[in-house]
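Input: a single structure, listed below in structure tokens.
Predicted model only: the values in this text are computed from it and were never measured. Just so you know, ligand 1 is whichever comes first in the structure, and atom 1 is the first atom listed for that ligand. Side-chain atoms are counted along with the backbone in the values below, which use heavy atoms only and exclude waters and symmetry mates.
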Amino acid sequence: MKVTVVGAGAVGASCAEYIAIKNFASEVVLLDIKEGYAEGKAMDLMQCASLNGFDTKITGVTNDYSKTAGSDIAVITSGIPRKPGMTREELIGINAGIVKTVSSSLIQHSPNVIMIVVSNPMDTMTYLVHKTTDLPKHRIIGMGGALDSARFKYRLAEAMQAPISDIDGMVIGGHSDTGMVPLASHATRNSINVSEYLSEERLQQVVEDTKVGGATLTKLLGTSAWYAPGAAVSALVQAIACDQKKMFPCSTYLEGEYDLNDICIGVPVILGRNGIERIVDVPLSDAEKAKMQESAEGVKKTNGLLEV
Ligand SMILES: NC(=O)c1ccc[n+]([C@@H]2O[C@H](COP(=O)([O-])OP(=O)(O)OC[C@H]3O[C@@H](n4cnc5c(N)ncnc54)[C@H](O)[C@@H]3O)[C@@H](O)[C@H]2O)c1
């Protein structure tokens, strides 16, 4: 199993590290445009191998796509992250050009690749890959919901003073401060609905904290987060590589599902060796359906800024 990660920055390197530590891929290629940067990160990560007990071979390359040839999975993290006070949508000008060039270069050398898009604004970048390449839709996956769901579970566990392993919950919709739809009505602690433990007011606070999870960290760190984003990407890569048939909310191209068309947005999907193997139809309340439509309007507005 060969995995390429484009962008050896904070998220790309974190993702490569988690993939290696989980020890399921034979090879990870890190590629960056900055001279020597990916080579340095790869060498540093390889020097963890004996300490962390993995055999995954990590190599770094400067913008040489021939070294990515034959990749089964490629992750796109190249682009600029947001600074405090910025929205993800403000990154579109620079990141659209980068994602377009990177995706076509990857496909040239790995025509059968399954692509995971991470660069922001992620739903629009996923749509861009859909519109500008001829990859089938099940091989274009946007990562956002897996991270947002992890943040939702963190906030729920914190509010209930419960271990996170007791918590289940999911965030669908657009990967933006206003577009996320945390499914509080479906969230549970050991199969008991979280509303049994939390007041309506406290649950609403959890939902709001989840939606600004990324912005909160950006304010604290001065740039966007990388550990949980890297872990979330590695979980998707593992689900595909190991054919796990796991369910994650991912951004995918919709043709009528959730009453939405011609958009990439977060919905629950089953991930396996073929990429997105199925879109899962979760029953939503009327309020959740309305929020999903509102979220889609926001994503479509950002898509309208693309020149495709
Ligand atoms: N979808 C998500 O949930 C999520 C989460 C966190 C971050 N992000 C996004 O991921 C992206 C990366 O964030 P980061 O914190 O790792 O940023 P970073 O600045 O640390 O790393 C980005 C890397 O991309 C490289 N790069 C730029 N243009 C390139 C090109 N044309 N080819 C190859 N490499 C190129 C840069 O040299 C840099 O090393 C940002 O757009 C950020 O907003 C998304």
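Only the backbone of I80 comes within 4.0 Å of ligand 1, counting heavy atoms alone; no side-chain atom from C-beta on gets that close. At a heavy-atom distance under 4.0 Å, no atom of W226 approaches ligand 1. When non-hydrogen atoms are compared, ligand 1 lies under 4.0 Å from the backbone of A225 (N, CA, C, O) but not from its side chain. Only the side chain of V6 comes within 4.0 Å of ligand 1, judged by heavy-atom distances. Here T101 has no heavy atoms under 4.0 Å from ligand 1, in either its backbone or its side chain.
Grouping the Ile, Leu, Val, Met, Phe, Trp and Tyr side chains by contacts below 4.5 angstrom, directly or via other members, places M122 apart from L306. Both F248 and L284 are members of a single hydrophobic cluster when ILVMFWY side chains are connected at heavy-atom separations under 4.5 Å. In the hydrophobic clustering of ILVMFWY residues, with side-chain heavy atoms under 4.5 Å counting as a link, Y18 and M143 come out together.
The shortest non-hydrogen separation linking A13 to A8 is CB-O, 3.9 Å. The heavy-atom pair separating A38 from L30 by the smallest distance is CB-O, 3.4 Å.
L91 contributes atom CG, which lies 9.5 Å from atom OG of S119 (distance to the nearest 0.5 angstrom). Separation of atoms CG (L305) and CD (E90) is listed at 11.5 Å; rounding is to 0.5 Å. Of the inter-residue distances, the one linking K300 atom NZ with D123 atom CG reads 12.5 Å to the nearest 0.5 angstrom.
Scanning the protein for heavy atoms near atom 7 (C) of ligand 1, the closest one is V11 CG2, 3.7 Å. In terms of protein heavy atoms, atom 27 (C) of ligand 1 is closest to G79 N, 3.8 Å. The nearest protein atom to atom 21 (O) of ligand 1, hydrogens excluded, is given as G9 CA, 3.3 Å; this is a heavy-atom distance. Given atom 28 (N) of ligand 1, the protein heavy atom at minimum distance is I98 CD1, 3.5 Å. Among all non-hydrogen protein atoms, the one lying nearest atom 35 (C) of ligand 1 is S78 CB, 3.4 Å. Residue, atom and distance of the protein heavy atom nearest to atom 17 (O) of ligand 1 are P81 CG, 3.5 Å. Protein heavy atom in closest approach to atom 12 (C) of ligand 1: T77 O, 3.0 Å. When hydrogens are left out, the protein atom nearest atom 3 (O) of ligand 1 is H175 NE2, 3.1 Å; that is the closest non-hydrogen contact.
For the residue pair T4/S71, the side-chain donor-acceptor check at 3.5 Å is satisfied. Side chains of T59 and K67: no donor on one and acceptor on the other come within 3.5 Å. The closest side-chain donor-acceptor pair between H175 and D148 falls under 3.5 angstrom. Using a 3.5 Å distance cut-off with no hydrogens or angles, the side chains of E201 and Q205 do not pair a donor with an acceptor. In this model, a donor atom of one side chain and an acceptor atom of the other lie less than 3.5 Å apart for E39 and T62.
Heavy-atom proximity to atom 34 (N) of ligand 1, evaluated over V118, L30, N63, I33, is greatest for I33.
The atoms of ligand 1 that sit less than 4.0 Å from any heavy atom of Y37 are 39 (O). Each of the following atoms of ligand 1 lies closer than 4.0 Å to a heavy atom of L91: 43 (O). Using a 4.0 Å cut-off to heavy atoms of N95, the atoms of ligand 1 that qualify are 41 (O). The ligand atoms of ligand 1 that sit less than 4.0 angstrom from a heavy atom of P229 are 5 (C), 6 (C). Within the listing of ligand 1, atoms 3 (O), 5 (C) sit less than 4.0 angstrom from a heavy atom of L147.
Residue N120 has at least one N or O atom closer than 3.5 Å to an N or O atom of ligand 1. Considering backbone and side-chain N/O of M143, one or more are found under 3.5 Å from N/O of ligand 1. At under 3.5 Å, a nitrogen or oxygen of D32, whether backbone or side chain, sits near a nitrogen or oxygen of ligand 1. Polar contact with ligand 1: present for A10 (N/O pair, distance under 3.5 Å).
Proximity of a side-chain donor or acceptor of D72 to a complementary backbone N or O of K2 within less than 3.5 Å is detected.
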